[in-house]
Amino acid sequence: MSFGPYLLFYAVPNILFNAPAISFKLVVLSGVILPGAYFIALIRYRLLDVDKMISKTISYFLLIGILLISYSYLMIFIKRTFIGRELLSEELFLIYLIAIAVFFEPLKKLISLILDTLFLPRALYNDKSLRALSRIIGSSVYLKDLIHILTHTLPENFHIKKLVLMVFDMNMVRWYPDQKTSAMGAVNSDLLKSRLSSRTDYLFCTTPTGDQDLTKTLFALQSAEIELVLAVRGATGLSGVILLGPREDGRPYTGRDIQFFVTICNQAGLALENAFHYDSLVENKKQLEKMFTQVVQSEKMAALGEMATVLAHELKNPLGIIRSSAQYLTRNSEDAQTRQELLEYIMGEVDGLSCVINNMMGLARYKAPEFAAIDLYLETESIIDHFKQSGNHNKLIYIELLPQKMPTPILADIRQLQQVFLNCVSNAEDAMPEGGKITISMEPGHDDTIDIHIRDTGPGIPEENLENAFKKFFTTKEKGMGIGLCVCKQIVLAHSGHIFIENDPHGGLSVMIKLPCNPLPALKISHALEPYQKESALA
């Protein structure tokens, strides 16, 4: 700046017209006054790093001094060595000018680097610390952790005496750490938010403004030992404001410091938005879990109501018969044959009631499968043979297990699968009291599974009832309880399998069961859902 008037108004007119536009006294005066005024403006309005400016100024003066000294020695050397040889002296002077043009900038940088190393104050940060802090802020998803990083880690590691964070959460303003002083109470957060949202990334509390209200707010911050106000911006706008106190070394904030904090604030703004979103997701998850618990509880109460209704219906008539039979026995005990018939009838009804209670207990009691390696076809063949020989089998119905050419190894709980197979076969026989045929087949499925088909020649199930077949207490039988298929589905799901029913286009009903040969990996994946499965099973 000091060389501008000299070049424009003195040197160039003197070279071209041999008449300078201003006197040399004015040149000297401008060389003193203009740099001084510029220096005062830099300090007052923080337009540039003062330390850096002083370093560059000293570098220029040193470099100019070196050039003047070298130029003087060059002239002396030329006059003494090349007297009378103007051509060589001009060539040497031209080489000198080219050397100045080549080495001026490298020498200036070298001198500035030496001065910066020796005299400039320690910077608040370096590239390594900036990268580390950026990683920590970017990986913080919990609002509490992020607040601790900004209000404790940042000032401690970067030599700041005080740091206050204002977070704009909806229509609320939150202070971290909590501020209860009267000075902070006078801060107009809406005014700061409006000013920082649209105009600038930072404000100095010592910088005068034309806005009286803003000046009052900055003065209140200054009285609370705050020097710098920084905008914390996210992707959707202003998320908050960071208020910085003075540096521990007492020096003013430089442009490098401001650039560093603006970068950190931008990353903090994005991290704040992510933390708000994460907290919102966590809160929504809690609400969903609460709603799920309420739904499960409602289903439990509904199931209890249905169970009570079924039990009342199933137990009322047998209990009435038992009571009337017992009353008859107390009044007429002479007839031994009648007494024996009534006692047998009572025992039969008691056995029936015991069966009802056992079915109810089987529905409510959840038991995890005990897996063992078995050949499913051979085990099923044994189950069907024993069933055919029992008194529960309808002799009018033919049961055929289609032959299997290859072994069917599988990990399963055969006792639980036996309950599934017998329940499906019993349902099929109940649907064909006048006789029919049940066909059971097995074949390898896709993805290492075994597909089991149980088909009958009965009337099937009405289409409107298919989707309700696996629901608790749903039945189309006159004496059924609607528990069997529900228990079957529970067992198949515990084996990581699937069970379906559908009406056969040619008549009858088809039950398909798909079981994985090795259900353990699938069970490990679904381990986190086990509590919910148990709650559903206990409903």
Side-chain angles (χ1 to χ4, degrees), residues 124 133-134 136-207 209 211-248 253 257-258 260-280 282-283:
L124 292 179
L133 182 62
S134 298
I136 295 174
I137 292 176
S139 61
S140 300
V141 295
Y142 296 103
L143 183 60
K144 183 179 179 181
D145 294 343
L146 181 60
I147 296 299
H148 184 271
I149 292 170
L150 295 178
T151 58
H152 292 82
T153 306
L154 184 60
E156 288 176 3
N157 293 350
F158 297 94
H159 318 292
I160 307 298
K161 288 185 178 181
K162 184 177 183 180
L163 187 148
V164 178
L165 175 64
M166 294 171 55
V167 176
F168 303 129
D169 186 8
M170 303 298 289
N171 295 325
M172 297 176 56
V173 178
R174 298 182 181 178
W175 297 83
Y176 301 96
D178 189 20
Q179 300 295 313
K180 298 181 180 179
T181 61
S182 58
M184 287 300 183
V187 174
N188 189 336
S189 58
D190 292 335
L191 184 61
L192 286 178
K193 185 176 181 181
S194 174
R195 181 64 177 261
L196 292 172
S197 295
S198 57
R199 301 184 184 182
T200 183
D201 290 325
Y202 61 91
L203 292 170
F204 282 102
C205 295
T206 56
T207 303
T209 64
D211 190 334
Q212 186 175 0
D213 293 333
L214 180 60
T215 302
K216 182 179 179 181
T217 296
L218 294 177
F219 179 77
L221 291 173
Q222 190 177 1
S223 63
E225 300 181 344
I226 298 299
E227 289 190 4
L228 186 60
V229 181
L230 294 153
V232 180
R233 281 196 180 86
T236 58
L238 199 66
S239 302
V241 172
I242 286 181
L243 309 174
L244 287 184
R247 290 174 47 153
E248 289 183 354
Y253 287 102
D257 299 335
I258 295 172
F260 162 71
F261 283 115
V262 167
T263 302
I264 292 300
C265 286
N266 289 334
Q267 293 177 340
L270 295 173
L272 273 175
E273 288 185 349
N274 292 336
F276 285 141
H277 293 325
Y278 183 81
D279 283 354
S280 177
V282 170
E283 184 62 28

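Predicted model only: the values in this text are computed from it and were never measured.
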Check [X] against [Y] and note the closest heavy-atom contact, atom names and distance.
| X | Y | result |
| --- | --- | --- |
| Gly237 | Glu273 | N-OE2, 4.0 Å |
| Cys265 | Ala231 | CB-O, 3.2 Å |
| Ile137 | Ala271 | O-CB, 3.6 Å |
| Ser239 | Gly234 | OG-N, 3.8 Å |

Main chain of Val262, side chain of Asn266: is a donor-acceptor contact present, judged purely on distance under 3.5 Å?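 Checked: pair present.
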Looking at Phe276, is its backbone amide N or carbonyl O close enough to the side chain of Ser280 to form a donor-acceptor pair, meaning the two atoms are under 3.5 Å apart?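 No, Ser280 side chain to Phe276 backbone: no donor-acceptor pair under 3.5 Å.
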If I take atom [atom1] from residue [X] and atom [atom2] from residue [Y], how far apart are they, to the nearest 0.5 angstrom?
| X | Y | atom1 | atom2 | value |
| --- | --- | --- | --- | --- |
| Lys161 | Glu225 | NZ | CD | 8.0 Å |
| Leu243 | Leu230 | CG | CG | 8.5 Å |
| Leu146 | Leu150 | CG | CG | 4.5 Å |
| Lys162 | Glu248 | NZ | CD | 14.5 Å |
| Ile149 | Lys144 | CD1 | NZ | 13.0 Å |
| Leu218 | Gln222 | CG | CD | 8.5 Å |

Using 30° and 60° as the class boundaries, would you call the ring planes of Tyr202 and Phe204 parallel, tilted or perpendicular?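 The arrangement is perpendicular - the two ring planes meet at more than 60°.
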Do the non-hydrogen side-chain atoms of [X] and [Y] ever get within less than 4.5 Å of each other?
| X | Y | value |
| --- | --- | --- |
| Val164 | Tyr176 | no |
| Leu272 | Val232 | yes |
| Ile147 | Leu165 | yes |
| Ser134 | Ile264 | yes |
| Tyr278 | Leu143 | no |
| Ile242 | Leu244 | yes |
| Ile160 | Leu154 | no |
| Cys205 | Val229 | yes |

Between Phe158 and Phe260, is the ring centre distance below 6.0 Å?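 Close enough - the centres of the two rings lie under 6.0 Å apart.
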Given Leu228, which of Ile258, Leu221, Leu203, Leu163 fulfils the side-chain contact (heavy atoms from CB on, under 4.5 Å) condition?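 Answer to the side-chain contact (heavy atoms from CB on, under 4.5 Å) test with Leu228 among Ile258, Leu221, Leu203, Leu163: Ile258.
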